[in-house]
Number of protein chains: 2
Amino acid sequence: MLPEKKISTAVIKRLPRYYRYLGDLLENDVVRISSKELSERMKVTASQIRQDLNNFGGFGQQGYGYNVEYLYKEIGKILGLENKYNIIIVGAGNLGQALANYTDFEKRGFIVKGLFDVNPRLIGVVVRGIEIKDVDEIDAFVKENDIHMAALTLPKQKAPKVANDLVKAGVKGIWNFAPIDLNLPKGVVVENVHLLDSLMTLSYTISQEEKDQ
Amino acid sequence: MLPEKKISTAVIKRLPRYYRYLGDLLENDVVRISSKELSERMKVTASQIRQDLNNFGGFGQQGYGYNVEYLYKEIGKILGLENKYNIIIVGAGNLGQALANYTDFEKRGFIVKGLFDVNPRLIGVVVRGIEIKDVDEIDAFVKENDIHMAALTLPKQKAPKVANDLVKAGVKGIWNFAPIDLNLPKGVVVENVHLLDSLMTLSYTISQEEKDQ
């Protein structure tokens with residue numbers, strides 16, 4: 001069942017977490033789970049779970065709980081995981097190479113097709129069978145290889161220009177690891193992973209806990 | 001000025017972003033900025049900025065805007081960045097090694113003191129001058145080296161047990177990259193970076209955009 005109305009960002013951000021929990025349950029051969037049990041595992045209220053899933057038409061039968069495999073697959077469909085996504089990684093330093101080597105992405109249908117960098121010393125190096133290319137080749141590569149998304153792990157000075165080039169080439173989504181916010185045209189999706197921001201949130205909370213002691 | 005009241009998570013999550021923008025302004029020799037200008041750059045309302053900063057006592061003078069360097073330093077203090085944090089990275093695969101090589105963390109006072117893994121093939125390997133040790137040595141190492149935080153990049157099967165060991169050893173915060181939620185005692189702070197969740201949020205949005213076309 002496809003969503004008819006605009007789903008809130010908060011709900012969308014929770015969906016991958018449901019998907020992850022349901023995947024773990026499946027791995028452990030759990031066939032059926034009540035919203036109460038799922039709520040205890042996930043530490044969210046059962047009513048939150050019901051509300052979230054009702055956005056997409058429900059999936060549960062009163063008193064019978066959820067069929068784990070069915071719900072897993074349906075949430076996968078909602079997340080767009082029935083499609084395969086061709087990805088390039090732009091910025092083939094340590095983080096870019098780590099992403100290229102992360103096999104879990106492929107299991108979910110995110111296929112790394114190319115690696116690019118601005119650094120002449122990296123160009124030509126082979127990572128997991130993929131030769132790192134010059135960013136100048138992005139435009140042709142994206143068009144020829146039907147690339148949907150790019151992970152961007154360049155330094156912040158280089159990231160905005162390359163992000164614009166990616167959009168011009170036709171990339172629909174940017175997974176941005178550069179410590180800068182990208183201003184891109186509407187219709188291009190940006191998902192930020194700001195590692196240093198995350199680390200600072202941690203230091204904030206630790207320093208507050210220490211003050212409270 | 002120290003916060004007297006409980007600051008909401010949403011505000012805390014925005015602080016590193018203010019800090020990042022102010023750092024960029026400083027690098028570009030901007031001395032003073034109005035909340036209007038800052039709001040245009042950051043794409044949040046000026047009233048949001050004022051409200052957020054009022055949680056910590058303000059910092060702006062009506063009509064004069066914000067002194068960039070002062071505000072940068074004060075937000076740094078709030079984020080706990082006047083302290084140094086000793087970090088270990090547990091999980092020295094590609095991602096762990098990428099984090100170990102990320103020099104921006106040290107610039108902000110997060111010092112990588114140790115690298116650990118469960119994989120015998122990695123133990124003894126040297127990354128950026130640090131020899132990878134066995135996770136069995138974590139307890140002694142944390143106590144001897146006054147370790148505050150651990151980045152956890154182990155596979156999800158290994159992560160929960162090691163996270164418990166880290167807490168027993170005295171670590172105050174865990175920066176968790178394992179694709180699993182950790183259930184830890186109160187007083188231990190967990191900051192999650194679930195990369196696959198983030199990538200699925202991106203695929204969701206892209207697949208929705210395509211349906212809308």
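Values below: all heavy atoms of this structure, side chains included; hydrogens, waters and symmetry mates excluded. Naming: A, B, ... by sequence-line order, numbering from 1 per chain.
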Please state whether the side chain, the backbone, both or neither of L195(A) comes within less than 4.5 Å of a heavy atom of chain B. both
Return the option, out of T9(B), I206(B), N192(B), with the maximum number of heavy-atom pairs under 4.5 Å with chain A. I206(B)
Closest non-hydrogen contact found for K156(B) with D24(A) is NZ-OD1, 2.6 Å
Under the rule for side-chain contact (heavy atoms from CB on, under 4.5 Å), what residues qualify as partners of K73(B), not counting sequence neighbours? E69(B)
Portion of V189(A) that has a non-hydrogen atom of chain B nearer than 4.5 angstrom: both
Mind checking which of residues 93-101 of chain B sit less than 4.5 Å from chain A, heavy atom to heavy atom? N94(B), L95(B), A98(B), L99(B), N101(B)
Measure R17(B) against the heavy atoms of chain A and call it side chain, backbone, both or neither at under 4.5 Å. both
Can you tell me if S203(A) uses its side chain to pair, donor with acceptor, with the backbone of L79(B) under 3.5 Å? yes
Start with the C-alpha gap between Y204(A) and L81(B), add the side-chain angles, then the distance that decides, and say whether side chain to side chain contact (heavy atoms under 4.5 Å, CB included) holds. CA-CA 8 Å; Y204(A) 170 83; L81(B) 301 179; over 6 Å; no
Count the heavy-atom pairs under 4.5 Å between each of L199(B), V193(B), N183(B) and chain A, then report the option with the highest count. L199(B)
Looking at I180(A), D104(A), T205(A), which makes the most heavy-atom pairs under 4.5 Å with chain B? T205(A)
Check D181(B) with K43(A), please: is the shortest side-chain N to carboxylate O separation under 4.0 Å? no
What's the shortest heavy-atom distance between Y19(B) and M200(A), and which atoms? CD2-SD, 3.6 Å
If you apply the rule side chain to side chain donor-acceptor pair (under 3.5 Å), what do you find for S198(A) with E191(B), and how did you get there? CA-CA 7 Å; S198(A) 161; E191(B) 170 75 16; 3.2 Å; yes
For M42(A), is it the side chain, the backbone, both, or neither that has a heavy atom closer than 4.5 Å to a heavy atom of chain B? neither
Could you walk me through whether D197(A) and R20(B) pass the salt bridge (charged side-chain N to carboxylate O under 4.0 Å, His left out) test, one step at a time? CA-CA 8 Å; D197(A) 287 18; R20(B) 183 152 47 82; 3.0 Å; yes
Atom of S207(B), atom of N83(A) and distance for their closest heavy-atom approach: CB-ND2, 4.2 Å
Around atom CZ of R41(B), are there more than 12 heavy atoms of other residues, nucleotides or ligands at under 6.0 Å? no
Name the option with the most non-hydrogen atom pairs under 4.5 Å to chain A; the candidates are F105(B), Y102(B), F110(B). F110(B)
Choice from P16(A), G109(A), A151(A) maximising heavy atom contacts with chain B below 4.5 Å: P16(A)
Among L196(A), L15(A), V188(A), I174(A), single out the residue with the greatest number of heavy-atom pairs under 4.5 Å to chain B. L196(A)
